[in-house]
Visitor: 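One structure follows; several queries about it will come next.
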Amino acid sequence: MNFELSEEHKMIQQAAREFAQELKAGVIARDEEAKFPFDFVKKMGELGFMGIMTPEEYGGAGMDTLAYVLALEEIAKIDASAAVIMSAHNSLVLWGLNEYGSEEQKRKYLVPLAQGQKLGAFALSEPEAGSDASSQHTLAEDKGDHYVLNGTKNWITNGGNADIYLVIAQTNPELGHKGINVLIVEKGTPGFTIGPKENKLGIRSSDTHSLMFSDVIVPKENRIGEDGFGFKFAMKTLDGGRIGIAAQALGIAAGAYDLALAYSQERKTFGKPISNHQAIQFKLADMEVEIEAARLLTYKAAWTKDQGLPYGKEAAMAKLHTSEVAMKHTVEAVQIHGGYGYVKEYHVERLMRDAKITQIYEGTSEIQRLVIAREILK
Ligand code: CAA
């Protein structure tokens, strides 16, 4: 077993670390104003981050899942919103297109997405289909050479600013999950409208919207895979997506820890730095241990996927544990900062707000436990 990163992995980690320093400047204002980081998304495209796992022949950087996780972790330490924009785009859109898309779909959609010229969004959730993902009410009526799409999607990350959407919809309700399909829908298609931006607790500079489809005509060639493959496509996509969310949560936890550690060595009470007080030392020690354990689970899930082994359980374990560590230790980072932690200039209150969503999206902590339990009881 070798815990040493390769030279290539160290390089991508360093490149992401340097890029994250650029993100720092406006991060508080972007959060406050819920302002999408257009320039930085463009820069992430130029750096290859927006197609990091896509093969070079389709415009990507051709790197592995571990490289993706390392980059996300560094970006999320500074700006968790930028991290989720990159994560939803890569894990939930590009991965499935590359894995299951036809050659024509890859040339037309994957290449500009991987080159960072276009942004992707994954539309699975609905007002009545969150945890119960197969309960799809969006209908894709089969009309021979095209589908007619009707319905509403909720909580769609990159929803307002994406160009290309992977939309999950029910074609044959009587077949249940076996009647579900995934369709590629372009922004601007008649009948496709985007709802107002959600005003969120955290990850405020990423955009989250509902989507409305009213008699939207989608050509048959825009369906990914065989008829009825949509639910399995979504489940497989989410397995990989959960590794991305684990990496985001890891970055949030590690970013808050870095800030708390530095602050504890500067801030003095009772005549000495607070890091000399045992109450603070215990918190720092717990952060060091639990964040490192979360890192190992996350890197292992990425490694398992890169080995071509089944990774659904590993991804759920990484996401479950890392998101809980992120929530717990961002709260502790605020506590270590005392009153300063409660104001925006010190960054930890934002990281605490950003942490919460990692226990909710791409499956709540309860769903991760369900996925893990099903695997171990199989
Ligand atoms: N890989 C491949 N196939 C899978 C699978 C997987 N991981 N999980 C299930 N399947 C298959 C099963 O084998 C089964 O197929 P067969 O009938 O052929 O045997 C089929 O799918 C149905 O499986 P289940 O009966 O287990 O499905 P279920 O309805 O009980 O649901 C669930 C299982 C795990 C609860 C699932 O609904 C789930 O993951 N829910 C959470 C959804 C979620 O994470 N939503 C997040 C939205 S996206 C998002 O958040 C993005 C963002 O903003 C960033």
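Everything numeric in this text was worked out from a predicted model, so none of it was measured. One-based numbering, in listed order, for ligands and for the atoms of each.
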Visitor: Please check this pair: side chain of D306 against backbone of T65, looking for a donor-acceptor N/O pair closer than 3.5 Å.
Guide: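 Such a contact is found between D306 side chain and T65 backbone.
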Visitor: Can you classify the ring geometry of F233 versus F122 as parallel (below 30°), tilted (30 to 60°) or perpendicular (above 60°)?
Guide: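 It falls in the tilted class, 30° to 60°.
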Visitor: By salt bridge (charged side-chain N to carboxylate O under 4.0 Å, His left out), which residues pair with E7, not counting sequence neighbours?
Guide: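 E7 satisfies salt bridge (charged side-chain N to carboxylate O under 4.0 Å, His left out) with K10 once adjacent residues are dropped.
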Visitor: Establish, from distance only, whether the side-chain atoms of K108 and Q105 form a donor-acceptor pair under 3.5 Å.
Guide: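 There is no such pair (donor and acceptor under 3.5 Å, judged by atom type) between the side chains of K108 and Q105.
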Visitor: Going by atom types only, do T364 and E366 share a side-chain donor-acceptor pair under 3.5 Å?
Guide: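 Yes - a donor-acceptor pair under 3.5 Å links their side chains.
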Visitor: Angle between ring planes, Y340 versus Y263, binned at 30° and 60°: parallel, tilted or perpendicular?
Guide: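 Tilted.
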Visitor: Anything with a heavy atom under 4.0 Å from ligand 1 counts, so go ahead and list those protein residues by chain and number.
Guide: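 Within 4.0 Å of ligand 1, the protein residues are L92, S125, G130, S131, A133, S134, W155, T157, H177, K178, F231, K232, M235, K236, L238, D239, R242, Y361, E362, G363, I367, V371, R374.
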